[in-house]
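Along the sequence shown, residues are numbered consecutively beginning with 1. The figures that follow rest on heavy atoms only: side chains count, while hydrogens, waters and symmetry mates do not.
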Amino acid sequence: MGKATREAYGEALAELIVENPKIVVLDADLAGSTKTGLAKKACPERFFDMGIAEADMIGHAAGLAASGYTAFASSFAMFASGRAWEQIRNSVAYPHLNVKVCATHAGISVGEDGVSHQAIEDIALMRVIPGMEVYVPCDAAETKAVIRYVASTNKPAYVRLGRSGVEDVYSEDTKFDFSKVRVVREGTDAVVFACGMEVQAALEAAKKLEAEGVSLEVVDVCAIKPADESGIVEILKKFDKVFTAEEHSVIGGLGGLIAEVSTANEPKKIHRMGIKDRYAESGEASALMHKYGLDGEGLYKEIKENL
């Protein structure tokens, strides 16, 4: 098992805060869990622990950004996107400030912390905010590339990160272009657009389907917004069987994006795989992923049933 994306985030941030004197890091009393503590260790004078006060943290991040800094603000996804939504909308996105909200512990793979900590709405919440960019990297290499990319821009961004370790999809020397979707496995019979750890689950499902003579294309959609609409359309043109997979509600996230692009450009029936308008519960992460059909076996079964 490879690193969790939150670990890769902390490592990238620790490098960037040393390289760039204009980077500041804020955390809501979770530096050990979000891994921003690595940045604190590297440069304590530009790290600010704001306590369990996410809205206040975002307000301070906005002020620092207005003063010329690139502000990274972190907490668990449930609280970064939910509790601080108004501040992100009004204090960051509306004035177009250079704040990167990097939220860890997203989705049901938070596990035993339960529903109160399992953000399954955060992509939708962030995606709807005008001007807010949204990224969901799938592994360590893509995470580090995303963090370096958003640090190089002056736009507000939301980066969704996970708690659990994930298998590597990319090598450390992979060149990323976040203006494009990336086909990580070519296929001819059906396609699944995936983000985050569902990229690995989709690849596992593809292997199972291949053994049964089904060729599944797997597409990594790291940039939810701005989306590579032209790239998505070109892939849609190739397939009649289209699936999406995300560790998020099927409402408003990646599945919503693909459905919207399809409706406007290349109408297809889209089968969305994710959390289907319900909450999960407390439990071991892998057990929850299996129960809700979001592991490789679950995606394999759902795709097979709907081919």
Side-chain angles (χ1 to χ4, degrees), residues 2-54 56-77 79-80 84 88 91-92 96-106 132-166 168-178 222-223:
K3 293 178 182 177
T5 52
R6 63 178 173 129
E7 295 180 75
Y9 164 55
E11 292 173 1
L13 201 56
E15 295 172 358
L16 284 166
I17 200 170
V18 172
E19 295 170 12
N20 186 346
K22 283 297 186 178
I23 286 180
V24 293
V25 178
L26 300 88
D27 202 289
D29 198 37
L30 289 167
S33 296
T34 64
K35 301 303 180 181
T36 61
L38 297 174
K40 177 181 180 180
K41 184 177 180 180
C43 190
E45 66 273 18
R46 280 185 276 122
F47 176 90
F48 305 94
D49 189 334
M50 307 306 296
I52 307 173
E54 292 82 1
D56 186 51
M57 175 182 70
I58 296 298
H60 278 80
L64 286 162
S67 301
Y69 289 92
T70 298
F72 282 81
S74 292
S75 182
F76 288 0
F79 311 119
I88 293 172
S91 298
V92 173
H96 308 291
L97 292 177
N98 192 9
V99 176
K100 321 302 178 183
V101 181
C102 297
T104 69
H105 295 66
M132 177 63 70
E133 297 191 346
V134 180
Y135 299 91
V136 187
C138 71
D139 71 355
E142 191 167 46
T143 297
K144 289 182 178 181
V146 164
I147 297 306
R148 285 194 167 274
Y149 172 73
V150 298
S152 72
T153 77
N154 62 358
K155 301 174 184 177
Y158 179 76
V159 183
R160 187 186 211 237
L161 304 162
R163 175 187 185 182
S164 303
V166 290
D168 291 333
V169 175
Y170 302 107
S171 62
E172 291 188 358
D173 60 353
T174 301
K175 302 299 182 183
F176 292 95
D177 179 355
F178 295 111
C222 177

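Atoms CZ and OG1, on Arg163 and Thr104 in that order, are 10.0 Å from each other to the nearest 0.5 Å. Between the CG atom of Asp29 and the CD atom of Glu54 there is a distance of 9.5 Å, given to the nearest 0.5 Å. Here the straight-line distance linking atom CG of Leu16 with atom NZ of Lys144 works out to 11.0 Å at 0.5 Å rounding. In this structure, NZ in Lys22 is found 8.5 Å from OG in Ser67, a value given to the nearest 0.5 Å. A distance of 7.5 Å separates CG in Leu30 from NE2 in His105, rounded to the nearest 0.5 Å.
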With side chain to side chain contact (heavy atoms under 4.5 Å, CB included) as the test, would you mind laying out the steps for Lys3 and Lys35 before giving the verdict? CA-CA 12 Å; Lys3 293 178 182 177; Lys35 301 303 180 181; over 6 Å; no

Show, in sequence, the C-alpha distance, side-chain angles and deciding distance for Tyr69 and Ile23, and conclude whether the side chain to side chain contact (heavy atoms under 4.5 Å, CB included) test is met. CA-CA 6 Å; Tyr69 289 92; Ile23 286 180; over 6 Å; no

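Classification of the Tyr149-Tyr135 ring pair by plane angle, with boundaries at 30° and 60°, yields perpendicular.
When all heavy atoms are compared, the tightest approach of Asp168 to Gly2 is OD1-CA, 4.4 Å. The two residues His60 and Leu26 make their nearest non-hydrogen contact at CB-CD2, 3.8 Å. Pairing each heavy atom of Ile58 with each of Ala84, the nearest pair is CG1-CB, 3.7 Å. Counting all heavy atoms, side chain and backbone alike, Ala28 lies closest to Asp49 at C-OD1, 4.2 Å. In this structure, Val18 and Ala42 approach most closely via the heavy-atom pair CG2-CB, 3.9 Å. Between Leu161 and Cys102 the shortest heavy-atom distance is CD1-CB, 4.3 Å.
Considering only heavy atoms from C-beta on, Ser171 comes within 4.5 Å of Thr174 through its side chain. Residues Lys100 and Thr70 form a side-chain contact, since some pair of their non-hydrogen atoms from C-beta on lies under 4.5 Å apart. Considering only heavy atoms from C-beta on, Val159 comes within 4.5 Å of Pro137 through its side chain.
For Ala62, the side-chain contact (heavy atoms from CB on, under 4.5 Å) partners two or more places apart in sequence, or in a different chain, are Ser91, Val92, Leu97. Residues satisfying the side-chain contact (heavy atoms from CB on, under 4.5 Å) criterion with Ala106, sequence neighbours excluded, are Ala77, Asp122, Arg160. By the ring-ring contact (aromatic ring centres under 6.0 Å, His included) test, Phe176 pairs with Tyr170, Phe178, sequence neighbours left out.
Each of Ile147, Val24, Thr34 was scored for a side-chain contact (heavy atoms from CB on, under 4.5 Å) with Phe72, with one residue passing: Ile147. When each of Glu142, Glu11, Glu15 is tested with Arg148 by the rule salt bridge (charged side-chain N to carboxylate O under 4.0 Å, His left out), just one qualifies, namely Glu15.
Of the possible donor and acceptor atoms, one in the side chain of Asp139 sits under 3.5 Å from a partner among the backbone N and O of Val169.
Atom CD of Glu19 has more than 12 neighbouring heavy atoms from other residues, nucleotides or ligands inside a 6.0 Å radius.
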